[in-house]
Structures are given as structure tokens and as C-alpha cells.
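Inspection log for the structure reproduced underneath, given as C-alpha cells.
Positions are given from 1, in the same order as the sequence printed here. Keep in mind it's a predicted model, so treat the numbers as computed, not measured.
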Amino acid sequence: MRDPGDLYELTADAENVPEGLHLVAGLTGFADAGGAVSQFTEYLLGTLEHTVIATFHPDLLLDYRARRPIIYFDQDHLTGYQPPALRLYLARDEIGQPFLLLAGYEPDFRWDQFTAAVLKLVRRFTVASTTWVHAIPMPVPHTRPIGVTVSGNRSDLIESMSVWRPHTQVPANALHLVEFRLQESGTTVVGFVLLVPHYLADTEFPAAALSALESTSASTGLIFPTDQVREQNRDFVARIDEQVHDNPELAKLVGTLEERYDAYMEGSTLRSPLTDESGELPSADEIAAELENFLATRRGRDDGTLA
């Protein structure tokens with residue numbers, strides 16, 4: 001394997017990182033239901049004090065044709081280029097506790113080398129634990145708390161928080177491999193899979209970001225400001241509830257999801273909150289079609305194109 005250190009460059013501030021910090025990670029790429037990871041990392045970087053500690057080289061890790069960078073065009077000339085970023089930050093939570101944050105794009109290439117690079121950084125900074133989040137779409141209702149599936153070697157969190165523990169095969173992302181290697185080495189690691197309502201998977205669902213913040217706090221003891229996200233979520237859910245209230249068919253579909261969710265959480269014989277006894281599910285397209293006008297309206301309001 002090539003030298004893992006070739007994938008990143010440390011900044012001068014790396015010398016000032018205290019030992020024994022928690023590492024929090026979230027990468028965007030393959031799946032990000034409800035915009036959970038992108039909202040989570042953008043919110044942390046937008047609200048907390050932070051300093052860049054290391055920058056990874058996109059030319060070595062990224063498929064530009066699959067995820068094209070942004071170029072700025074001003075009438076008749078180019079004015080700027082925004083390359084993708086994958087960085088390690090030293091950040092401080094709401095009460096000043098320092099931690100490390102790995103945020104940015106998920107690598108397309110060199111996963112083994114990237115994983116070795118993360119483990120090298122974990123050893124360099126004597127990281128106390130690694131916590132990472134990602135999100136997948138599931139047929140669950142937006143009217144219930146977002147559940148999580150917990151992986152890793154924190155048995156306390158698995159027992160207290162993991163609502164769904166399947167035996168299955170899943171498409172991996174890069175942080176799955178990082179978790180696997182950390183667990184092999186006996187290093188403390190926990191992964192949170194957020195179970196986001198499938199009919200909201202293509203939106204920015206604030207509750208997903210809130211769940212990511214709360215799960216990370218449970219794992220690390222870090223304190224994050226959440227008032228803004230909670231306010232955004234109240235507004236978002238109120239608008240969805242209005243659509244549901246005005247559409248009996250949609251209300252019935254969401255109600256069915258609620259019944260299955262509640263039965264599962266109460267210890268029903270259902271194998272998961274995803275199916276009934278006959279294995280049938282409301283179609284995501286059925287619910288999504290009913291919400292299409294609402295979501296289009298919300299995007300228009302956010303863009304300032306609607307009154």
C-alpha cells in the first residue's frame with residue numbers, strides 16, 4: 001500500500017491539537033437521506049469555532065466527472081473555482097470542549113489508503129473515540145422520532161439506542177471501512193445510521209440533522225447548539241402536517257406507517273417497522289406524489305421565488 005500520509009497535508013495548527021479528543025465524522029456522497037450528514041456538518045462548521053488541521057487531496061480521491069466541482073461565471077468571464085473539500089478540523093462545542101471533526105466528500109478512490117490515513121491520524125492525536133453518522137431512507141413516519149441503528153463496539157449505546165438490528169448485507173461507504181478497521185484494532189468507535197422517512201429522503205429534513213447532533217452528543221458528551229435546527233424542524237413538520245391533514249389518502253398512508261412503527265416499538269411480533277404481516281408497504285411514490293406540490297412550494301420559498 002502507498003504511504004497513507006500522501007493523501008493529506010497537515011497544517012501548522014496540527015501541532016496544537018490536544019491528545020485524547022473525540023473524533024466526529026460525516027462524509028457526503030453515496031447516500032444522505034434527508035440531507036442529514038450535509039446539514040449536520042454544515043451546521044457544526046457554521047456555528048462552532050474551528051480550525052483546519054489537515055486537508056485531503058481531491059485529485060487523488062475524487063471522481064470529478066461523477067461529482068463535478070463548481071465554477072463561477074459572471075456574464076462573460078469566470079470569476080472563481082470552488083474545489084471539493086475533505087478536511088480534518090479542530091473544533092469546540094458550545095461550552096468550549098475541543099474535538100476533531102472530519103467532514104467533506106466521501107472518497108471515490110483509494111479506500112484502503114484513505115482508511116489507513118484516518119487511522120494514522122487517530123494514532124497521531126491519540127483519539128479517545130470515533131463517532132460517525134450517515135442516513136438511509138426507511139418506510140417510517142415523520143410524526144415519530146427518527147430511530148437509529150448503532151454499530152461499533154460501544155455496547156452501552158447499542159443497547160440503549162439501537163431500534164433496528166438487522167442481519168443483512170448493505171452497500172458500504174468509506175466510513176464503514178474505517179469503522180471496521182478501528183474495531184479490528186480495538187479502538188473505540190460507534191456508527192449511527194439514521195432511519196429517515198423514505199418520502200422525505202430527497203429533502204433537507206431538519207429532524208435528521210437534529211438526530212445526528214443528539215446521537216453524537218450521546219456518544220461523546222459534546223454539547224451542540226440546537227435551537228435553530230429545532231425551530232426549522234417545527235416549521236418543516238407543520239407544513240407537512242398541513243398537507244397530510246388536507247389529504248385523506250395521504251393521512252391514511254402516514255397513519256399506516258405510524259401503526260406499524262408503534263407496534264414495532266411496543267415489542268410487536270413484526271420483524272421490523274418496515275412491513276406488515278403480509279410484507280406489504282405503501283409505495284414511496286404514492287406518498288411522494290402527494291407531497292410533491294408541498295416540497296416544490298417549500299423550495300420556492302427558500303429560493304425567494306414565491307411570496
Side-chain angles (χ1 to χ4, degrees), residues 1-8 10 14 17-32 36-37 40-41 44 53-56 60-61 86-91 93 97-136 148-162 165-194 212-222:
M1 182 190 298
R2 297 166 180 165
D3 183 355
D6 291 342
L7 293 185
Y8 62 85
L10 293 170
V17 175
E19 293 186 349
L21 301 184
H22 295 292
L23 169 62
V24 176
L27 305 181
T28 58
F30 170 66
D32 186 17
V37 176
F40 171 62
T41 55
L44 292 180
I53 298 302
T55 300
F56 287 81
L60 300 177
L61 295 173
L86 172 55
R87 298 187 177 108
L88 180 67
Y89 302 88
L90 173 63
D93 73 356
Q97 297 179 98
F99 68 99
L100 295 170
L101 173 65
L102 179 64
Y105 59 83
E106 177 192 7
D108 293 307
F109 307 120
R110 302 194 184 189
W111 277 21
D112 282 325
Q113 189 180 8
F114 170 73
T115 297
V118 174
L119 267 64
K120 183 175 182 177
L121 291 167
V122 165
R123 291 190 297 269
R124 176 188 176 93
F125 298 119
T126 320
V127 165
S129 72
T130 299
T131 298
W132 71 286
V133 296
H134 70 124
I136 60 175
V148 296
T149 290
V150 186
S151 60
N153 49 23
R154 285 284 304 273
S155 59
D156 57 327
L157 295 175
I158 294 170
E159 290 301 317
S160 64
M161 297 181 66
S162 193
R165 307 178 193 181
H167 296 277
T168 188
Q169 294 179 326
V170 296
N173 66 41
L175 288 179
H176 279 118
L177 183 55
V178 171
E179 177 186 322
F180 183 70
R181 297 302 184 204
L182 286 171
Q183 189 164 308
E184 279 188 329
S185 69
T187 304
T188 302
V189 59
V190 58
F192 291 104
V193 185
L194 312 180
L213 291 166
E214 292 175 340
S215 297
T216 302
S217 291
S219 172
T220 62
L222 296 168

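Taking CG of Asp93 as the start and OG1 of Thr220 as the end, the distance is 8.0 Å to the nearest 0.5 Å. Going from atom CG of Leu177 over to atom CG of Asp112 covers 5.5 Å, rounded to the nearest 0.5 Å. Rounding to the nearest 0.5 Å gives a distance of 9.5 Å between OH of Tyr89 and CG of Leu102.
For Arg123, there are no salt bridge (Lys or Arg N to Asp or Glu O under 4.0 Å) partners, not counting sequence neighbours. Asp108 is linked by a side-chain contact (heavy atoms from CB on, under 4.5 Å) to Leu62, Asp63, Arg67, counting only residues two or more places apart in sequence or in another chain. Partners of Asp156 according to the salt bridge (Lys or Arg N to Asp or Glu O under 4.0 Å) rule, which considers only residues two or more places apart in sequence or in another chain, are Arg154.
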task: Could you walk me through whether Leu90 and Leu100 pass the side-chain contact (heavy atoms from CB on, under 4.5 Å) test, one step at a time?
output: CA-CA 5 Å; Leu90 173 63; Leu100 295 170; 4.3 Å; yes
message: If you apply the rule side-chain contact (heavy atoms from CB on, under 4.5 Å), what do you find for Val178 with Phe114, and how did you get there?
response: CA-CA 8 Å; Val178 171; Phe114 170 73; 4.2 Å; yes
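Asn153 contributes no side-chain N or O that, together with a main-chain N or O of Gln183, makes up a donor-acceptor pair within less than 3.5 Å. Looking at Ser162, its side chain never comes within 3.5 Å of a backbone N or O of Thr149 through a donor-acceptor pair. Side chain of Arg2 to backbone of Leu7: no donor-acceptor contact under 3.5 angstrom is found. A donor-acceptor pair under 3.5 Å links the side-chain atoms of Gln113 to the main chain of Asp3, judged by distance alone. Listed for the Glu106 side chain is a donor-acceptor partner under 3.5 Å among the backbone atoms of Ala174.
At least one side-chain heavy atom of Phe40 sits under 4.5 Å from a side-chain heavy atom of Val133.
Environment of OH in Tyr105: crowded, with over 12 heavy atoms of neighbouring residues, nucleotides or ligands closer than 6.0 Å.
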